[in-house]
Colleague: 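Quick one: the structure is below, questions incoming.
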Amino acid sequence: MNSASNRFLSRRGFLAATAGFAMSLPMRPGRASAVDERSIKAAPSQARVAGSDRPPASAWAYNDTVPGPVLRVRQGQPVRIAVENGLAEDTTVHWHGIRLPNAMDGVPGLTQPPIAPEASFTYEFTPPDAGTFWYHPHADSLVQLGRGLAGMLIVEEAEPVAFDRDLIWLLQDWRLAADGEIAGGFGSAMDAAMSGRVGNLVTINGTVPADQAVRAGERVRLRLANAALARIMALRFEGHRPIVLAIDGQPCEPHEPEDGRLVLGPAMRIDVALDMRGEPGGRYRVTDDFYDGLAYTLTTLAYDNAPPLRTRSLDAPPALPRNPLPEPNLDNAIRQEIVLQGGMVGGGKLAGVGGMMGMAMPGMKGAAAWAINGTSMIGDGHAGMMPQFMLRRGVTCRLTLRNETAWWHPMHVHGFSLLLLSRNGVPAPHRQWQDTVLLAPKDTVECAFVADNPGDWMLHCHVADHQMAGLMTVFRVT
Ligand code: C2O
Ligand code: CU
Ligand code: CU
(Lines give C-alpha, C1' and ligand atoms only; values in the text may rest on other atoms or scores of the structure.)
(Ligands and ions follow the chains in the order given, each with its own letter.)
Protein backbone atom coordinates (compact mmCIF):
# COMPACT_ATOMS: atom_id res chain seq x y z
CA MET A 1 0.00 0.00 0.00
CA ASN A 2 1.49 3.34 -0.90
CA SER A 3 1.72 6.07 1.65
CA ALA A 4 -0.99 8.22 0.09
CA SER A 5 -3.69 5.60 0.42
CA ASN A 6 -2.27 4.73 3.83
CA ARG A 7 -2.81 8.26 4.96
CA PHE A 8 -6.25 8.17 3.45
CA LEU A 9 -7.14 5.04 5.35
CA SER A 10 -5.84 6.25 8.67
CA ARG A 11 -7.75 9.47 8.19
CA ARG A 12 -10.92 7.47 7.59
CA GLY A 13 -10.12 5.33 10.59
CA PHE A 14 -9.74 8.40 12.74
CA LEU A 15 -13.04 9.80 11.55
CA ALA A 16 -14.85 6.55 12.12
CA ALA A 17 -13.46 6.21 15.63
CA THR A 18 -14.27 9.69 16.84
CA ALA A 19 -17.51 10.08 14.97
CA GLY A 20 -18.73 6.56 15.60
CA PHE A 21 -21.98 7.74 17.04
CA ALA A 22 -22.84 9.56 13.84
CA MET A 23 -21.71 6.73 11.62
CA SER A 24 -23.77 4.12 13.40
CA LEU A 25 -27.00 6.07 13.04
CA PRO A 26 -29.11 5.27 10.03
CA MET A 27 -28.57 8.18 7.65
CA ARG A 28 -31.55 9.81 6.12
CA PRO A 29 -30.82 11.15 2.65
CA GLY A 30 -30.29 14.90 2.74
CA ARG A 31 -29.60 14.81 6.46
CA ALA A 32 -26.18 15.95 7.48
CA SER A 33 -24.47 13.59 9.84
CA ALA A 34 -20.78 13.44 8.97
CA VAL A 35 -18.53 15.69 11.00
CA ASP A 36 -18.11 19.15 9.55
CA GLU A 37 -14.43 20.09 9.97
CA ARG A 38 -13.13 23.64 10.07
CA SER A 39 -10.02 25.37 11.22
CA ILE A 40 -9.20 28.89 12.23
CA LYS A 41 -5.97 30.51 13.25
CA ALA A 42 -5.68 33.61 15.40
CA ALA A 43 -2.68 35.72 14.44
CA PRO A 44 -1.50 39.29 13.97
CA SER A 45 -2.68 40.73 10.69
CA GLN A 46 -3.76 43.92 8.97
CA ALA A 47 -7.26 45.25 8.62
CA ARG A 48 -8.58 47.97 6.34
CA VAL A 49 -11.18 49.09 8.85
CA ALA A 50 -11.14 52.71 7.69
CA GLY A 51 -11.64 51.80 4.03
CA SER A 52 -9.55 50.61 1.11
CA ASP A 53 -8.17 54.10 0.45
CA ARG A 54 -6.60 54.33 3.93
CA PRO A 55 -3.57 52.55 5.27
CA PRO A 56 -4.48 49.32 7.06
CA ALA A 57 -4.36 49.07 10.83
CA SER A 58 -2.39 46.40 12.63
CA ALA A 59 -4.98 44.02 13.97
CA TRP A 60 -5.39 40.48 15.22
CA ALA A 61 -7.43 38.27 12.96
CA TYR A 62 -8.79 34.77 12.40
CA ASN A 63 -7.51 33.40 9.09
CA ASP A 64 -6.17 36.85 8.23
CA THR A 65 -9.59 38.45 7.87
CA VAL A 66 -11.43 40.93 10.06
CA PRO A 67 -13.94 39.79 11.06
CA GLY A 68 -12.98 36.11 10.91
CA PRO A 69 -14.51 33.76 8.36
CA VAL A 70 -18.25 33.21 8.54
CA LEU A 71 -18.66 29.68 9.85
CA ARG A 72 -21.87 28.22 8.45
CA VAL A 73 -22.76 24.93 10.04
CA ARG A 74 -25.88 22.86 10.15
CA GLN A 75 -28.31 22.37 13.03
CA GLY A 76 -27.81 18.88 14.47
CA GLN A 77 -24.64 18.19 12.52
CA PRO A 78 -21.46 17.59 14.57
CA VAL A 79 -18.77 20.15 13.94
CA ARG A 80 -15.10 20.04 14.80
CA ILE A 81 -13.16 23.30 14.73
CA ALA A 82 -9.39 23.28 15.15
CA VAL A 83 -8.12 26.54 16.60
CA GLU A 84 -4.49 27.42 16.21
CA ASN A 85 -2.91 30.17 18.24
CA GLY A 86 -0.54 32.36 16.25
CA LEU A 87 -0.61 35.15 18.81
CA ALA A 88 2.14 35.87 21.30
CA GLU A 89 -0.25 35.27 24.19
CA ASP A 90 -2.77 32.68 25.38
CA THR A 91 -6.15 32.53 23.73
CA THR A 92 -9.34 30.44 23.62
CA VAL A 93 -12.46 30.58 21.48
CA HIS A 94 -15.92 30.93 22.94
CA TRP A 95 -18.91 29.99 20.74
CA HIS A 96 -21.23 32.67 21.95
CA GLY A 97 -24.83 31.55 22.42
CA ILE A 98 -24.37 27.92 21.45
CA ARG A 99 -25.69 25.39 23.94
CA LEU A 100 -22.78 23.00 24.04
CA PRO A 101 -20.87 20.76 26.48
CA ASN A 102 -19.11 22.78 29.17
CA ALA A 103 -15.66 21.53 28.12
CA MET A 104 -16.16 23.20 24.70
CA ASP A 105 -17.20 26.59 26.10
CA GLY A 106 -13.79 28.21 25.79
CA VAL A 107 -13.34 29.82 29.20
CA PRO A 108 -9.67 29.62 30.20
CA GLY A 109 -9.06 28.03 33.59
CA LEU A 110 -12.72 27.25 34.08
CA THR A 111 -13.56 24.95 31.16
CA GLN A 112 -10.19 24.32 29.50
CA PRO A 113 -6.53 25.25 29.81
CA PRO A 114 -5.76 28.30 27.71
CA ILE A 115 -4.32 27.67 24.24
CA ALA A 116 -0.68 28.72 24.51
CA PRO A 117 1.13 30.51 21.66
CA GLU A 118 1.76 28.05 18.83
CA ALA A 119 -0.48 25.47 20.41
CA SER A 120 -3.89 24.45 19.19
CA PHE A 121 -7.12 23.08 20.56
CA THR A 122 -9.98 21.35 18.80
CA TYR A 123 -13.52 22.20 19.73
CA GLU A 124 -16.26 19.68 19.02
CA PHE A 125 -19.96 20.14 19.45
CA THR A 126 -23.30 19.57 17.76
CA PRO A 127 -25.30 22.78 17.63
CA PRO A 128 -28.83 22.00 18.80
CA ASP A 129 -30.25 25.37 17.79
CA ALA A 130 -30.37 27.04 14.40
CA GLY A 131 -29.69 30.76 14.34
CA THR A 132 -27.23 33.61 14.39
CA PHE A 133 -24.31 33.14 16.78
CA TRP A 134 -20.74 34.38 16.88
CA TYR A 135 -17.32 33.42 18.14
CA HIS A 136 -14.63 35.35 19.93
CA PRO A 137 -11.72 34.84 22.33
CA HIS A 138 -12.30 34.52 26.07
CA ALA A 139 -8.69 35.26 27.06
CA ASP A 140 -7.43 38.81 27.44
CA SER A 141 -10.91 39.51 26.09
CA LEU A 142 -10.79 43.27 26.04
CA VAL A 143 -7.63 43.42 23.95
CA GLN A 144 -8.20 40.38 21.75
CA LEU A 145 -11.75 41.35 20.84
CA GLY A 146 -10.76 45.00 20.58
CA ARG A 147 -7.98 44.15 18.12
CA GLY A 148 -10.43 42.42 15.82
CA LEU A 149 -10.83 38.77 16.84
CA ALA A 150 -14.49 37.96 16.22
CA GLY A 151 -16.48 36.09 13.62
CA MET A 152 -19.99 35.05 12.73
CA LEU A 153 -21.23 31.54 13.42
CA ILE A 154 -24.40 30.74 11.51
CA VAL A 155 -26.27 27.57 12.29
CA GLU A 156 -28.51 26.79 9.35
CA GLU A 157 -32.00 25.45 10.00
CA ALA A 158 -32.26 21.70 9.45
CA GLU A 159 -35.03 22.49 6.96
CA PRO A 160 -34.16 25.60 4.93
CA VAL A 161 -36.16 28.80 5.38
CA ALA A 162 -36.99 30.86 2.27
CA PHE A 163 -35.59 34.35 1.73
CA ASP A 164 -34.32 36.00 -1.43
CA ARG A 165 -31.02 36.72 0.29
CA ASP A 166 -29.30 36.03 3.58
CA LEU A 167 -27.26 39.04 4.63
CA ILE A 168 -24.85 39.38 7.54
CA TRP A 169 -23.84 42.58 9.25
CA LEU A 170 -21.24 42.00 11.91
CA LEU A 171 -20.86 45.37 13.58
CA GLN A 172 -17.63 46.36 15.28
CA ASP A 173 -16.57 49.56 16.95
CA TRP A 174 -12.96 50.71 16.82
CA ARG A 175 -11.07 53.33 18.71
CA LEU A 176 -8.59 54.50 16.11
CA ALA A 177 -5.74 56.88 16.84
CA ALA A 178 -4.94 59.78 14.50
CA ASP A 179 -2.45 57.62 12.57
CA GLY A 180 -5.17 55.08 11.77
CA GLU A 181 -3.84 52.44 14.15
CA ILE A 182 -5.96 50.90 16.89
CA ALA A 183 -5.44 53.12 19.92
CA GLY A 184 -3.71 51.60 22.93
CA GLY A 185 -4.80 52.28 26.48
CA PHE A 186 -7.04 49.23 26.79
CA GLY A 187 -8.57 48.92 30.23
CA SER A 188 -8.21 52.48 31.45
CA ALA A 189 -9.80 53.09 34.84
CA MET A 190 -12.12 55.61 33.20
CA ASP A 191 -13.45 53.18 30.58
CA ALA A 192 -13.67 50.43 33.17
CA ALA A 193 -15.85 52.34 35.64
CA MET A 194 -18.01 54.15 33.08
CA SER A 195 -19.42 53.06 29.73
CA GLY A 196 -16.47 50.94 28.60
CA ARG A 197 -14.23 51.47 25.59
CA VAL A 198 -16.61 53.11 23.11
CA GLY A 199 -14.75 53.79 19.87
CA ASN A 200 -14.86 56.31 17.06
CA LEU A 201 -15.50 54.13 14.01
CA VAL A 202 -18.27 51.59 13.47
CA THR A 203 -17.70 49.02 10.75
CA ILE A 204 -19.90 46.50 8.98
CA ASN A 205 -18.12 43.22 8.22
CA GLY A 206 -14.76 44.76 8.99
CA THR A 207 -14.78 47.95 6.98
CA VAL A 208 -16.29 51.39 7.08
CA PRO A 209 -19.64 50.82 5.41
CA ALA A 210 -20.12 51.68 1.77
CA ASP A 211 -23.62 51.72 0.31
CA GLN A 212 -25.46 48.43 0.62
CA ALA A 213 -26.75 47.38 -2.78
CA VAL A 214 -30.33 46.11 -2.68
CA ARG A 215 -33.07 45.39 -5.17
CA ALA A 216 -36.66 46.58 -5.00
CA GLY A 217 -39.12 43.89 -3.99
CA GLU A 218 -36.65 41.46 -2.45
CA ARG A 219 -37.07 40.00 1.01
CA VAL A 220 -33.80 39.81 2.88
CA ARG A 221 -32.97 38.00 6.07
CA LEU A 222 -30.61 40.42 7.72
CA ARG A 223 -28.54 39.01 10.54
CA LEU A 224 -27.25 41.76 12.79
CA ALA A 225 -24.59 41.13 15.41
CA ASN A 226 -23.06 43.69 17.71
CA ALA A 227 -19.45 42.60 18.23
CA ALA A 228 -18.39 45.92 19.78
CA LEU A 229 -16.53 46.06 23.06
CA ALA A 230 -18.91 48.57 24.57
CA ARG A 231 -21.00 50.52 22.08
CA ILE A 232 -24.75 49.97 22.25
CA MET A 233 -26.53 50.51 18.94
CA ALA A 234 -30.11 51.41 18.01
CA LEU A 235 -30.65 51.03 14.28
CA ARG A 236 -33.40 52.64 12.26
CA PHE A 237 -34.11 51.82 8.63
CA GLU A 238 -35.48 54.92 6.94
CA GLY A 239 -38.51 54.06 4.78
CA HIS A 240 -38.47 50.39 5.82
CA ARG A 241 -40.17 48.23 8.42
CA PRO A 242 -37.89 45.48 9.66
CA ILE A 243 -39.69 42.57 11.35
CA VAL A 244 -37.79 40.92 14.18
CA LEU A 245 -37.68 37.15 13.67
CA ALA A 246 -35.06 36.10 16.20
CA ILE A 247 -33.12 37.56 19.09
CA ASP A 248 -29.75 36.11 20.05
CA GLY A 249 -30.32 33.36 17.51
CA GLN A 250 -33.58 32.20 19.08
CA PRO A 251 -36.78 32.66 17.06
CA CYS A 252 -39.47 34.80 18.68
CA GLU A 253 -42.95 35.83 17.55
CA PRO A 254 -42.35 38.06 14.51
CA HIS A 255 -42.88 41.68 15.49
CA GLU A 256 -41.95 45.23 14.64
CA PRO A 257 -39.49 46.64 17.14
CA GLU A 258 -40.73 49.17 19.64
CA ASP A 259 -40.37 52.64 18.22
CA GLY A 260 -38.95 51.20 14.98
CA ARG A 261 -35.49 50.87 16.59
CA LEU A 262 -33.43 47.71 16.73
CA VAL A 263 -31.49 47.97 19.98
CA LEU A 264 -28.37 45.84 20.16
CA GLY A 265 -26.16 45.77 23.21
CA PRO A 266 -22.67 44.30 22.82
CA ALA A 267 -22.87 40.58 21.92
CA MET A 268 -26.55 40.71 20.97
CA ARG A 269 -27.89 39.51 17.65
CA ILE A 270 -31.16 40.25 15.91
CA ASP A 271 -32.44 38.57 12.75
CA VAL A 272 -34.93 40.65 10.82
CA ALA A 273 -36.97 40.15 7.70
CA LEU A 274 -36.42 43.26 5.64
CA ASP A 275 -38.72 43.80 2.70
CA MET A 276 -37.15 46.17 0.19
CA ARG A 277 -40.16 48.35 -0.34
CA GLY A 278 -38.22 51.35 -1.68
CA GLU A 279 -38.18 52.59 -5.26
CA PRO A 280 -35.63 51.39 -7.84
CA GLY A 281 -32.77 53.88 -7.71
CA GLY A 282 -33.81 55.09 -4.25
CA ARG A 283 -31.47 55.68 -1.31
CA TYR A 284 -32.46 55.16 2.31
CA ARG A 285 -30.34 55.80 5.35
CA VAL A 286 -29.68 53.37 8.18
CA THR A 287 -28.96 55.38 11.31
CA ASP A 288 -27.85 54.62 14.84
CA ASP A 289 -29.32 56.99 17.40
CA PHE A 290 -28.68 55.14 20.65
CA TYR A 291 -26.63 57.85 22.36
CA ASP A 292 -28.44 61.18 22.79
CA GLY A 293 -27.03 63.81 20.48
CA LEU A 294 -24.60 61.39 18.84
CA ALA A 295 -26.75 59.94 16.06
CA TYR A 296 -24.92 59.08 12.85
CA THR A 297 -25.62 57.42 9.53
CA LEU A 298 -24.24 53.92 9.58
CA THR A 299 -24.87 53.11 5.94
CA THR A 300 -27.29 53.62 3.06
CA LEU A 301 -29.53 51.11 1.34
CA ALA A 302 -28.86 51.87 -2.31
CA TYR A 303 -31.46 50.43 -4.69
CA ASP A 304 -30.29 49.45 -8.12
CA ASN A 305 -32.41 50.45 -11.09
CA ALA A 306 -33.70 46.98 -11.81
CA PRO A 307 -37.48 46.66 -11.79
CA PRO A 308 -38.91 45.21 -8.58
CA LEU A 309 -38.20 41.52 -8.06
CA ARG A 310 -41.91 40.95 -7.49
CA THR A 311 -44.86 43.15 -8.15
CA ARG A 312 -47.26 42.28 -5.38
CA SER A 313 -46.10 42.78 -1.86
CA LEU A 314 -45.39 39.72 0.23
CA ASP A 315 -47.46 38.50 3.15
CA ALA A 316 -46.07 39.07 6.62
CA PRO A 317 -42.97 36.91 7.13
CA PRO A 318 -43.71 33.62 8.88
CA ALA A 319 -42.08 32.79 12.20
CA LEU A 320 -38.84 30.85 12.04
CA PRO A 321 -39.05 27.23 13.21
CA ARG A 322 -38.56 27.04 16.97
CA ASN A 323 -35.45 25.54 18.46
CA PRO A 324 -35.63 22.60 20.88
CA LEU A 325 -35.30 24.67 24.06
CA PRO A 326 -36.51 23.01 27.24
CA GLU A 327 -39.59 24.75 28.59
CA PRO A 328 -39.12 26.25 32.07
CA ASN A 329 -41.46 24.97 34.76
CA LEU A 330 -42.24 28.11 36.72
CA ASP A 331 -44.32 26.36 39.38
CA ASN A 332 -41.28 24.58 40.70
CA ALA A 333 -38.59 27.10 39.96
CA ILE A 334 -35.52 27.84 42.09
CA ARG A 335 -35.17 31.59 42.49
CA GLN A 336 -31.80 33.27 42.15
CA GLU A 337 -30.95 36.93 42.07
CA ILE A 338 -28.01 38.67 40.45
CA VAL A 339 -27.51 42.25 41.61
CA LEU A 340 -25.19 44.50 39.64
CA GLN A 341 -23.31 47.03 41.73
CA GLY A 342 -20.59 49.61 41.38
CA GLY A 343 -19.46 51.92 38.62
CA MET A 344 -18.74 55.59 38.71
CA VAL A 345 -21.24 57.77 40.53
CA GLY A 346 -21.43 61.55 40.89
CA GLY A 347 -18.20 63.26 41.88
CA GLY A 348 -15.95 60.67 40.22
CA LYS A 349 -16.34 58.16 43.04
CA LEU A 350 -16.89 54.47 42.73
CA ALA A 351 -20.15 53.14 44.11
CA GLY A 352 -19.10 51.02 47.07
CA VAL A 353 -16.74 48.56 45.39
CA GLY A 354 -13.22 47.75 46.47
CA GLY A 355 -13.89 49.02 49.94
CA MET A 356 -16.73 47.65 51.93
CA MET A 357 -18.48 45.36 49.54
CA GLY A 358 -16.07 44.58 46.74
CA MET A 359 -13.98 41.53 47.42
CA ALA A 360 -11.58 40.54 44.68
CA MET A 361 -10.88 36.82 44.53
CA PRO A 362 -7.32 35.85 45.36
CA GLY A 363 -4.97 35.53 42.42
CA MET A 364 -6.69 38.08 40.22
CA LYS A 365 -4.87 41.10 38.97
CA GLY A 366 -6.39 44.41 38.06
CA ALA A 367 -8.76 46.69 39.85
CA ALA A 368 -12.42 46.08 40.56
CA ALA A 369 -14.92 48.77 39.65
CA TRP A 370 -18.02 46.59 39.74
CA ALA A 371 -19.45 43.74 41.72
CA ILE A 372 -22.13 41.08 41.49
CA ASN A 373 -23.89 40.31 44.77
CA GLY A 374 -21.00 41.95 46.60
CA THR A 375 -18.19 40.01 44.93
CA SER A 376 -15.89 41.23 42.17
CA MET A 377 -14.46 38.54 39.93
CA ILE A 378 -12.15 40.19 37.48
CA GLY A 379 -10.48 39.07 34.26
CA ASP A 380 -11.61 36.40 31.82
CA GLY A 381 -12.35 33.33 33.89
CA HIS A 382 -10.01 31.40 36.16
CA ALA A 383 -9.48 28.07 37.77
CA GLY A 384 -11.21 27.77 41.13
CA MET A 385 -13.80 30.48 40.66
CA MET A 386 -16.37 29.94 43.34
CA PRO A 387 -19.88 29.56 41.97
CA GLN A 388 -22.33 32.26 42.98
CA PHE A 389 -25.06 29.61 43.10
CA MET A 390 -25.58 25.96 42.30
CA LEU A 391 -28.46 24.29 40.50
CA ARG A 392 -29.38 20.65 40.38
CA ARG A 393 -29.50 19.43 36.81
CA GLY A 394 -33.01 19.64 35.37
CA VAL A 395 -34.45 22.27 37.71
CA THR A 396 -35.94 25.49 36.41
CA CYS A 397 -34.08 28.56 37.57
CA ARG A 398 -36.03 31.78 37.79
CA LEU A 399 -33.35 34.40 37.59
CA THR A 400 -33.76 38.03 38.55
CA LEU A 401 -31.19 40.44 37.12
CA ARG A 402 -31.23 43.69 39.05
CA ASN A 403 -29.15 46.64 37.93
CA GLU A 404 -28.42 48.94 40.86
CA THR A 405 -25.88 50.92 38.87
CA ALA A 406 -26.22 54.09 36.82
CA TRP A 407 -24.93 52.36 33.65
CA TRP A 408 -26.17 50.03 30.91
CA HIS A 409 -25.12 46.37 30.99
CA PRO A 410 -25.64 43.60 28.42
CA MET A 411 -25.65 40.61 30.80
CA HIS A 412 -24.66 37.38 29.13
CA VAL A 413 -25.03 33.81 30.30
CA HIS A 414 -22.99 30.98 28.80
CA GLY A 415 -24.48 27.64 27.85
CA PHE A 416 -28.17 28.58 28.09
CA SER A 417 -30.83 30.74 26.53
CA LEU A 418 -33.04 32.60 28.97
CA LEU A 419 -36.78 32.95 28.47
CA LEU A 420 -37.61 36.56 29.22
CA LEU A 421 -40.50 36.82 31.68
CA SER A 422 -40.71 40.50 32.56
CA ARG A 423 -38.91 43.80 32.62
CA ASN A 424 -39.61 46.17 35.50
CA GLY A 425 -42.76 44.21 36.27
CA VAL A 426 -44.15 44.39 32.72
CA PRO A 427 -44.57 40.95 31.14
CA ALA A 428 -42.18 40.43 28.23
CA PRO A 429 -43.94 40.26 24.85
CA HIS A 430 -43.06 38.08 21.82
CA ARG A 431 -41.86 34.97 23.75
CA GLN A 432 -38.25 35.84 23.38
CA TRP A 433 -35.23 33.86 24.51
CA GLN A 434 -31.91 35.59 24.89
CA ASP A 435 -28.38 34.78 25.95
CA THR A 436 -27.60 38.47 26.43
CA VAL A 437 -30.05 40.74 28.22
CA LEU A 438 -29.51 44.47 28.02
CA LEU A 439 -30.28 46.21 31.32
CA ALA A 440 -30.82 49.95 31.42
CA PRO A 441 -29.78 51.74 34.61
CA LYS A 442 -31.97 50.53 37.51
CA ASP A 443 -33.73 47.90 35.36
CA THR A 444 -34.93 44.64 36.82
CA VAL A 445 -35.45 41.73 34.44
CA GLU A 446 -36.89 38.34 35.30
CA CYS A 447 -36.07 35.35 33.17
CA ALA A 448 -36.09 31.58 33.42
CA PHE A 449 -34.19 28.62 32.08
CA VAL A 450 -33.94 24.88 32.63
CA ALA A 451 -30.57 23.90 34.07
CA ASP A 452 -30.16 20.94 31.75
CA ASN A 453 -26.48 21.39 30.97
CA PRO A 454 -23.99 20.42 33.68
CA GLY A 455 -20.84 22.39 34.36
CA ASP A 456 -19.51 25.71 35.58
CA TRP A 457 -20.95 28.52 33.48
CA MET A 458 -20.05 32.17 33.20
CA LEU A 459 -22.50 34.98 33.67
CA HIS A 460 -21.02 38.37 32.92
CA CYS A 461 -21.49 41.78 31.42
CA HIS A 462 -20.42 41.80 27.76
CA VAL A 463 -19.02 45.31 27.94
CA ALA A 464 -15.51 43.93 27.99
CA ASP A 465 -14.19 46.58 30.36
CA HIS A 466 -16.98 45.83 32.82
CA GLN A 467 -16.37 42.10 32.70
CA MET A 468 -12.66 42.55 33.31
CA ALA A 469 -13.36 44.92 36.20
CA GLY A 470 -15.72 42.77 38.22
CA LEU A 471 -19.08 42.29 36.47
CA MET A 472 -18.65 38.57 36.17
CA THR A 473 -19.68 35.51 38.07
CA VAL A 474 -20.04 31.76 37.74
CA PHE A 475 -22.84 29.33 38.52
CA ARG A 476 -22.70 25.57 38.67
CA VAL A 477 -25.10 22.96 37.36
CA THR A 478 -24.45 19.60 39.04
CU1 C2O B 1 -19.50 36.35 24.29
CU2 C2O B 1 -18.36 35.15 27.98
O3 C2O B 1 -18.95 35.72 26.13
CU1 CU C 1 -21.05 33.42 25.69
CU1 CU D 1 -21.63 46.36 32.02
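Below, all heavy atoms of this structure are taken into account, side chains as well, without hydrogens, waters or symmetry copies. All ligand and atom numbering here is 1-based and tracks the order in the structure.
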Colleague: Between the main-chain N or O of Ala130 and the side-chain N or O of Asn323, is there a donor-acceptor pair closer than 3.5 Å?
Modeller: yes
Colleague: Name of the His96 N, O or S atom nearest atom 1 (Cu) of ligand 1?
Modeller: ND1
Colleague: If you stand at atom 1 (Cu) of ligand 1 and look out to NE2 of His136 and NE2 of His462, what angle do those two lines make, to 10°?
Modeller: 110°
Colleague: About how large, to 10 degrees, is the angle NE2 of His138, then atom 2 (Cu) of ligand 1, then NE2 of His414?
Modeller: 100°
Colleague: What does the angle at the Cu ion (ligand 3) come to, between atom SG of Cys461 and atom ND1 of His466, rounded to 10°?
Modeller: 130°
Colleague: Would you mind telling me which of Arg269, His414, His462 makes a side chain to side chain donor-acceptor pair (under 3.5 Å) with Asp435?
Modeller: Arg269
Colleague: Aromatic rings Trp370 and His466: how do their planes relate, parallel, tilted or perpendicular, breaks at 30° and 60°?
Modeller: tilted
Colleague: Once you round to the nearest 0.5 Å, how far does CZ of Phe416 lie from CH2 of Trp433?
Modeller: 12.0 Å
Colleague: Please find the N/O/S atom of His409 nearest to the Cu ion (ligand 3) and write down its name.
Modeller: ND1
Colleague: Output, in order, the C-alpha distance, side-chain angles, deciding distance and verdict of salt bridge (charged side-chain N to carboxylate O under 4.0 Å, His left out) for Arg402 and Glu404.
Modeller: CA-CA 6 Å; Arg402 199 148 58 80; Glu404 286 186 346; 3.0 Å; yes
Colleague: Taking backbone and side chain together, does His412 place any N/O/S atom at a distance below 2.8 Å from atom 2 (Cu) of ligand 1?
Modeller: no
